[in-house]
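Working notes, structure below.
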Amino acid sequence: METSRIARLLDEMGTILEIQGENPFRCRAYHNAAQALGNLPEDLSEMIADGSLAEVPGIGETMHAKIVQLATTGRLPAYDKLRKSVPSGILALLRVPGLGPKKIKALKDSLDVDSLADLRAAAEAGQIARIKGFGAKTEANILEGISFLEKSGGRILQHEALALVSPIFELVRNHPKVKRAEICGSLRRRAETIGDLDILFSADDPAPVLKEFVGLPQVMKVLGHGTTKASVMLHSLTRPDQLVQCDLRGVEDRQFPFALHYFTGSKAHNIAMRKRALARGLSLNEYALSGEAKDVPCETEEDLFRALGLAYIPPELREDAGEFAAAEEGALPDLIALEDLTGTFHCHTNWSDGEATLEEMAEAARSMGLSYLGIADHSRSLRMAGGLTVERVRDQWAKIDALNEKLGPKFRVFKGTECDILADGSLDFPDEVLDGFDYVVASVHSRFGMPRGEMTARIIRAVSNPRVTMLGHPTGRLLLSRDSYAVDLDAVIAAAAEAGTMIEINANPHRLDIDAAHCRRARKAGVGIVINPDAHSTAGLADLAFGVGVARRGWLSADDVFNAASPSAVVKDLDRRRKSLP
Ligand code: DGT
Ligand code: CA
Ligand code: CA
Ligand code: ZN
């Protein structure tokens with residue numbers, strides 16, 4: 001188990017014990033150990049191995065045993081037991097601004113409050129004001145805190161984060177006093193979901209920029225406004241009741257590369273980077289890289305990495321997941337870029353549930369600079385989404401042939417289908433129909449509740465079918481709204497490798513399916529990856545950029561991605577697949 005997770009877990013144990021009214025010394029022991037873990041001078045496993053962990057102040061004998069158990073087995077029965085001893089809703093109360101373990105204990109003891117719903121009911125009924133040490137003011141604060149939490153608690157998707165941050169970022173960047181500016185945080189790293197928005201700029205005097213920022217019309221509430229930093233809440237674009245935090249920081253221009261690196265994160269990457277600096281007798285923070293005598297000047301992030309003996313690590317790889325070793329050995333991948341894509345597959349038209357016509361989709365793809373577009377409307381079972389009958393499929397083929405006459409040879413429309421994987425793993429069209437397509441995307445759209453074993457067997461049967469070219473949205477998840485169905489994705493990846501079937505990165509920002517971690521595993525297994533927008537309109541084609549983000553976070557280079565090959569190589573590969581069919 002990672003060190004940071006062990007620290008969080010111990011912290012949580014201390015907090016639960018506080019809520020239970022345990023001896024304060026015992027509670028502090030957990031918090032102190034958690035804090036000590038956050039500041040270890042060396043790698044935890046090494047410190048366990050050489051015994052030096054036992055010497056760290058703040059880690060006593062009992063804590064030492066617990067940490068070793070967590071680090072080596074990933075489990076701690078004492079934690080599981082403690083977690084079970086409190087109602088799960090009670091930990092959510094900690095997120096209410098102003099409520100700490102002591103107050104939560106008092107609320108539980110006197111009013112039996114153990115969830116947010118209970119808390120709200122008690123506050124609305126005026127019961128909280130009557131508890132000793134609380135009062136009407138605290139009660140009002142708690143109510144405000146709950147409603148704040150409900151509005152701002154959620155994370156948002158990348159496309160929404162971009163839509164919110166872009167106009168503000170443009171204003172900052174174009175401000176006459178601003179020298180350099182960059183979007184930082186999880187959005188720069190292209191994380192799947194975004195907690196809050198971070199913008200950094202450099203200027204001799206940040207104050208006027210911050211002042212304009214807090215006065216913007218989209219700012220709903222100012223959380224803080226100082227001389228170098230301001231934080232505000234913005235209305236989300238999709239959920240009027242949801243608020244999104246945006247942090248703006250100003251630094252001097254010579255500090256910019258350090259601040260840019262720091263506020264890009266991730267936190268785990270930053271901690272590893274700081275450790276690396278320490279190991280070289282330097283200290284790194286958000287403002288400078290300093291030696292004993294003087295600072296090491298850096299103009300850019302590249303300079304900072306170089307000063308620590310590293311090649312430039314792109315933001316998408318900054319998760320402390322092997323990027324330091326690779327950067328040291330010169331083994332970082334040359335990450336794929338949007339411009340590398342030559343075309344794409346898995347797009348819908350108004351023949352099924354898309355908005356645009358065949359011609360409009362092809363024209364949009366062409367004007368994006370792509371050389372081919374794969375049309376994959378739904379298959380016959382998916383009636384809800386206008387799935388095509390065999391007859392309609394043949395009509396569409398004729399239309400595509402005619403369109404290719406018109407657009408060729410510079411542009412090519414491929415005949416495809418997003419063919420349903422039926423409950424038993426067979427496909428929704430008979431072989432003789434499937435043989436008429438240039439390629440087949442196979443996807444699950446039904447019976448999401450199947451047990452894991454059955455679902456895995458179902459999908460493995462589909463990817464092992466020689467008529468399937470690629471697997472569509474392999475887990476079926478919808479970010480922030482629907483979990484993946486139960487499936488053993490590693491077994492699916494192994495089967496796809498065996499059969500030579502490709503796996504899609506579905507680039508729709510609601511899906512991002514498969515995710516970056518499985519991209520890495522798929523590549524390692526030798527599975528071809530294809531980046532598909534699952535576009536249902538011409539605008540949907542632009543989602544390809546989010547898929548490229550996943551591929552980059554998954555360490556993929558252009559060579560790993562099928563639709564980054566030359567158009568002639570793509571045609572050749574599809575032909576080869578069809579000619580080898582039984
Ligand atoms: P988010 O907002 O939850 O999607 O994720 P981030 O990564 O944008 O996190 P955020 O906004 O809290 O902070 C931005 C960056 O600042 C983060 O990626 C790394 C850096 N940072 C924040 N807090 C700490 C910290 O306690 N230690 C270190 N080393 N870096 C931090
Ligand atoms: Ca953030
Ligand atoms: Ca932030
Ligand atoms: Zn689909």
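Note that ligands are numbered from 1 as they come in the structure, with each ligand's atoms numbered from 1 the same way.
The side chain to side chain contact (heavy atoms under 4.5 Å, CB included) test with Phe546 is passed by exactly one of Leu162, Ile505, Leu157: Leu162. Considering Arg188, Arg553, Arg190, Arg189 as possible partners of Glu316, the one that fulfils the salt bridge (Lys or Arg N to Asp or Glu O under 4.0 Å) test is Arg190. No option in Ile146, Ile142, Leu94 other than Ile142 meets the side chain to side chain contact (heavy atoms under 4.5 Å, CB included) test with Leu99.
Comment: Asp320 does not engage Lys267 in a salt bridge, judged by the lack of any side-chain N to carboxylate O separation of less than 4.0 angstrom.
Ring planes of His261 and His269: tilted class, angle from 30 to 60°.
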Check each N or O atom of ligand 1 against all protein N or O atoms and list the pairs under 3.5 Å, with atom names and distances to 0.1 Å, one per line.
unit_1, atom_1, unit_2, atom_2, d
ligand 1, 2 (O), Asp196, N, 3.1
ligand 1, 2 (O), Asp196, OD1, 3.1
ligand 1, 3 (O), Arg155, NH1, 3.0
ligand 1, 4 (O), Arg155, NH2, 2.8
ligand 1, 4 (O), Ser186, OG, 2.5
ligand 1, 4 (O), Gly195, N, 2.7
ligand 1, 7 (O), Arg189, NH1, 2.9
ligand 1, 7 (O), Arg189, NH2, 3.4
ligand 1, 8 (O), Ser186, N, 2.8
ligand 1, 8 (O), Ser186, OG, 3.4
ligand 1, 8 (O), Asp198, OD2, 3.2
ligand 1, 11 (O), Asp196, OD1, 2.8
ligand 1, 11 (O), Asp198, OD1, 3.4
ligand 1, 11 (O), Asp198, OD2, 3.1
ligand 1, 18 (O), Arg189, NH1, 3.3
ligand 1, 30 (N), Tyr262, OH, 3.3
ligand 1, 30 (N), Asn270, ND2, 3.3

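A 4.5 Å side-chain heavy-atom check between Arg523 and Ile529 finds every atom pair outside the cut-off.
For the Ca ion (ligand 2), the neighbouring protein N/O/S atoms at less than 3.0 Å, given as residue and atom, are Asp196 O, Asp196 OD1, Asp198 OD2.
With a 6.0 Å cutoff to the six-membered ring centre and a 45° limit on the axis angle, Arg249 counts as a cation-pi contact of Phe263.
Side-chain contact, Gln20 with Ser85: a donor N or O sits under 3.5 Å from an acceptor N or O.
Atom CD of Glu22 has more than 12 neighbouring heavy atoms from other residues, nucleotides or ligands inside a 6.0 Å radius.
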